[in-house]
Amino acid sequence: MAQIGQILVDVPTMQTNDPYSYAIPTELEHQVQVGMRVIVPFGRGHRLVSGVVVGLSDVTSFDGKLKPIETVLDLAPVLNTELRQLADWLATTTYAFRITCIQTMLPNLLKTQPKRQVQPTTTLTPAEMATYFPEGAPRDFDATKLDDATVAGLLKLQRAGKVEVVYEVKDKAAAKTTTGIAPALTPAKLQEIADKVAKRAPKQAELLVYLAQMPADKVVAQAAVAKKAGVTPAVIATAADKGWLTKSTLEVYRDPFHQPVTPTRALKLNPEQQVAVDRITQAIDGQQSKNFLVEGVTGSGKTEVYLQSIAQALQQGRTALMLVPEIALTPQMVNRVKARFGQRVAVLHSGLSKGEQYDEWRRIDRGEATVVVGARSAVFAPVENLGIIIMDEEHESSYKQDENPRYHARDVALWRGQYHHCPVVLGSATPSLETRARAAKGLYTRLVLSKRAKAQPMPTVHIVDMREQLKQQGDSDFSEPLMTAIQERLDRHEQIVLMLNRRGYSSFVMCRDCGFVLKCPNCDISLTLHMDTHSMKCHYCGHEEAIPHVCPNCHSKKIRYYGTGTQKVQQALEKLLPTAKILRMDVDSTRRKGAHERILRQFGEHKADILLGTQMIAKGLDFPNVTLVGVLNADTALGLPDFRASERTFQLLTQVSGRAGRATKPGEVYIQTFNPDHYAIQLAQSQDYERFFVTEMHMRHQGNYPPYYFAVQLTASHEEEAVAAKAMFQIVAALKQGLSKDAIILGPTPKAIARVKRKYYYQVVIKYKQEPQLRPVLEQIRQAAQVPARHGLSVTIDSEPMNFM
DNA sequence: AGCACGCCGACT
DNA sequence: GTCGGCGTGCTC
């Protein structure tokens with residue numbers, strides 16, 4: 001039996017990033033297993049923290065007295081070997097603490113809550129009791145929530161030995177339970193009693209008859225018994241008193257999606273789909289960690305390819321993991337998977353309550369669910385024996401987590417595919433440049449679905465030049481061609497989707513006459529307006545210039561901020577079309593739980609003619625009666641100071657265009673823009689992903705951007721601007737010293753929104769091709785950042801950032 | 001993170 | 001001389 005446990009304590013610091021050794025008391029030695037959560041004493045005094053067992057041994061390199069493990073929190077390990085290895089890999093690649101990685105991999109309810117309380121050790125004076133224990137003892141002692149005087153007073157009493165601090169670590173994990181019923185007597189005996197009481201107590205007799213036919217060793221929920229036997233809980237209580245049945249606590253799962261679903265069968269595939277399924281199936285059967293890019297236009301039946309591939313994995317006795325963007329994880333989408341695989345499906349996403357998440361997690365952990373569908377963090381689902389991993393809409397930026405650990409679910413998926421020797425399928429109509437480039441290099445097998453499954457024609461896309469519109473009809477959010485098209489649909493009782501692009505809302509200036517956007521002379525990236533300094537700044541190199549009052553290109557005076565809000569647009573639209581019913585969908589109108597689905601359902605039932613919304617309406621909604629899609633401002637994202645601006649614009653326009661004419665009626669799309677000649681817009685019009693890819697790759701090559709270069713972003717933030725800036729300059733000095741001459745260091749520059757939550761942000765971006773010293777240099781920076789962290793300076797490292805601003 | 005130790009100025 | 005401010009190091 002192992003004497004010593006290697007524990008990662010739940011204290012996220014550099015010094016505790018390696019496991020600490022704890023003695024295993026004899027009474028726990030048969031309980032402690034690697035992968036379990038434990039509570040251990042940590043530090044001086046009696047402070048308790050939670051931790052995770054990552055190893056067992058009989059020796060330790062630590063030459064001090066070992067403290068004993070206090071409690072074991074789990075009956076079975078919560079992290080298997082794979083997930084522990086994954087956590088280590090994640091920690092190194094994302095520059096995060098190991099324990100932080102583990103926490104993100106586990107469901108919320110398995111995160112423990114440390115609690116501090118104080119209680120008197122002797123009798124205190126009435127005055128002391130009144131001041132410090134007005135609600136009695138013990139009381140909570142959270143220094144961050146109490147006022148300074150109380151904290152000081154309590155600490156003083158502690159030094160005097162009059163009060164003591166007690167620690168507790170709460171485990172939030174709680175399975176939902178209900179009362180279970182089991183027969184306490186033999187069927188024959190129960191029947192005998194039933195016959196006796198039949199006349200006087202018919203209900204009791206019914207219950208007895210029901211109990212008599214129950215399997216002896218099975219426990220059934222009380223509610224189910226009551227329903228099936230046709231009795232009330234009161235009758236059951238009486239029966240329990242008479243000793244006919246026994247009550248017990250029964251663990252149940254909360255079922256988040258209890259609507260019944262009609263089962264579906266595999267659909268007939270077209271030749272392209274069939275090729276895709278065959279290739280993926282080969283990889284599943286051959287246990288190859290081969291990766292695929294399924295590139296399919298909207299409506300080309302990617303989902304059917306996924307479902308049949310999953311079916312194949314299940315048939316081989318293996319499991320499947322399917323990732324979808326949070327926004328696409330609607331009940332419709334989930335039901336589609338459940339209709340095919342039924343009870344084997346588990347769903348993981350943030351819309352579920354903590355308890356529901358935990359239950360789904362346990363179903364997966366116990367092997368009861370073999371198909372997992374979920375958003376980003378579902379990539380850590382404890383599925384074993386994976387046969388396939390699918391990531392739909394792989395280009396979605398929400399797959400990257402924007403807090404520590406800053407991981408990309410795609411990278412984790414590829415890691416797990418490798419571990420399980422199973423294929424990873426990345427799917428998109430508009431793959432990210434990185435993924436498409438890797439496919440071009442042969443790292444992924446490219447499977448193209450070029451035909452729409454139901455052979456609908458692609459929608460006709462019109463580009464409306466807003467510069468012309470401005471000249472002809474003045475400043476309006478709605479062009480004449482778009483309004484005409486809207487009116488036509490209203491007359492025909494067809495529906496309309498209008499998208500307002502909120503990204504980049506009024507943070508840059510654009511000329512309304514010629515579409516000119518001010519760019520940095522060094523970086524070819526848009527300059528951002530800074531009202532605090534009244535200047536235009538480049539967030540890559542720090543270049544700064546005055547806000548222009550006339551357009552440097554055409555000398556027009558109509559150069560100004562660009563951007564509008566959905567509410568304003570809705571009001572304007574209501575004025576123009578007083579009879580049309582308009583539904584608005586944006587961050588504000590969907591804040592409440594379920595609002596998102598409600599709006600979509602209303603629109604689906606044709607309770608409104610027009611759905612007006614932000615980017616969220618571009619994703620996956622499928623309404624047969626929508627024949628017109630209008631994009632009010634295609635340019636806003638183009639103006640952002642981000643090298644992915646064109647990519648994002650192209651993806652968004654292509655996606656939203658796919659919303660038009662999905663059934664029998666042909667669709668039309670109107671894109672309003674001040675940049676009608678921009679390649680992202682032109683190529684979105686012709687729906688030509690391949691040409692966009694080639695063009696954009698050329699741009700990336702010119703600018704030394706990904707996928708030609710790797711990138712790391714470092715950010716320093718502090719309440720005082722000078723502190724953040726100085727830290728960043730020191731970091732840059734360290735980088736210049738430690739890295740090769742080939743590394744390109746951009747910055748330091750203030751962030752686009754330099755001040756967020758009373759803190760100033762400065763950043764630097766490193767672009768590199770090969771930099772063996774990068775990891776050690778960044779580790780050294782992390783280490784050095786520990787000291788000033790005490791004074792509120794935080795430094796973050798983001799490998800392959802999604803937002804360069 | 002949270003606690004103790006140690007070094008400084010301001011106080012009874 | 002001591003109380004308590006904060007800066008620093010350490011926690012198996």
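These numbers were taken from a predicted model, which means no experiment stands behind them. Chain A is the first sequence line, chain B the second, and so forth, proteins listed ahead of strands; every chain is numbered from 1.
- Summarising the geometry, the separation between CD on A:Gln786 and P on B:dA1 is reported as 10 Å, rounded to the nearest angstrom.
- When distances are taken from the side chain of A:Lys67 to each of C:dT11, B:dA1, C:dG7, the shortest belongs to C:dT11.
- In this structure, A:Arg47 places its CZ atom 8 Å from C1' of C:dT11, rounding to the nearest Å.
- Counting any heavy atom pair closer than 4.0 Å across all strands shown, A:Thr13 reaches a base atom.
- The side chain of A:Arg44 sits closest to C:dG9 out of C:dG9, C:dC12, B:dA1.
- Comment: A:Asp798 engages A:Lys400 in a salt bridge, judged by a side-chain N to carboxylate O separation of less than 4.0 angstrom.
- Regarding contacts with the backbone of B:dG2, every side-chain N or O of A:Arg790 stays at 4.0 angstrom or more from both OP1 and OP2.
- Within 4.0 Å of A:Pro41, counting heavy atoms only, lie sugar-phosphate atoms of the nucleic acid but no base atom.
- The CG atom of A:Asp10 sits 13 Å away from the C1' atom of B:dG2 (whole-angstrom rounding).
- Distance, A:His46 NE2 to B:dC3 C1': 13 Å, rounded to whole Å.
- For A:Tyr407 and A:Phe380, the distance between ring centers is under 6.0 angstrom.
- A cation-pi arrangement is absent between A:Arg363 and A:Tyr358, since the terminal nitrogen or guanidinium carbon is not both under 6.0 Å from the aromatic centre and inside a 45° cone about the axis.
- A:Asp63 has its CG atom 11 Å from the P atom of C:dT11, to the nearest Å.
- Spacing between atom CD of A:Gln15 and atom C1' of B:dC3 amounts to 14 Å, rounded to whole angstrom units.
- Across C:dC12, C:dT8, B:dG2, the shortest atom-to-atom separation from the side chain of A:His791 is found for C:dT8.
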Dump the intermediate steps for salt bridge (Lys or Arg N to Asp or Glu O under 4.0 Å) on A:Glu326 and A:Arg376, then the final yes or no.
CA-CA 7 Å; A:Glu326 185 78 62; A:Arg376 184 180 59 221; over 6 Å; no
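- Between A:Ile766 and A:Ala743, the shortest heavy-atom distance links the atoms CG2-CB, 4.4 Å.
- In this structure, the CG atom of A:Asn17 is 17 Å from the P atom of C:dC12, given to the nearest Å.
- Atom-to-atom, CZ of A:Phe42 to C1' of B:dA4 comes out at 14 Å; the value is rounded to the nearest Å.
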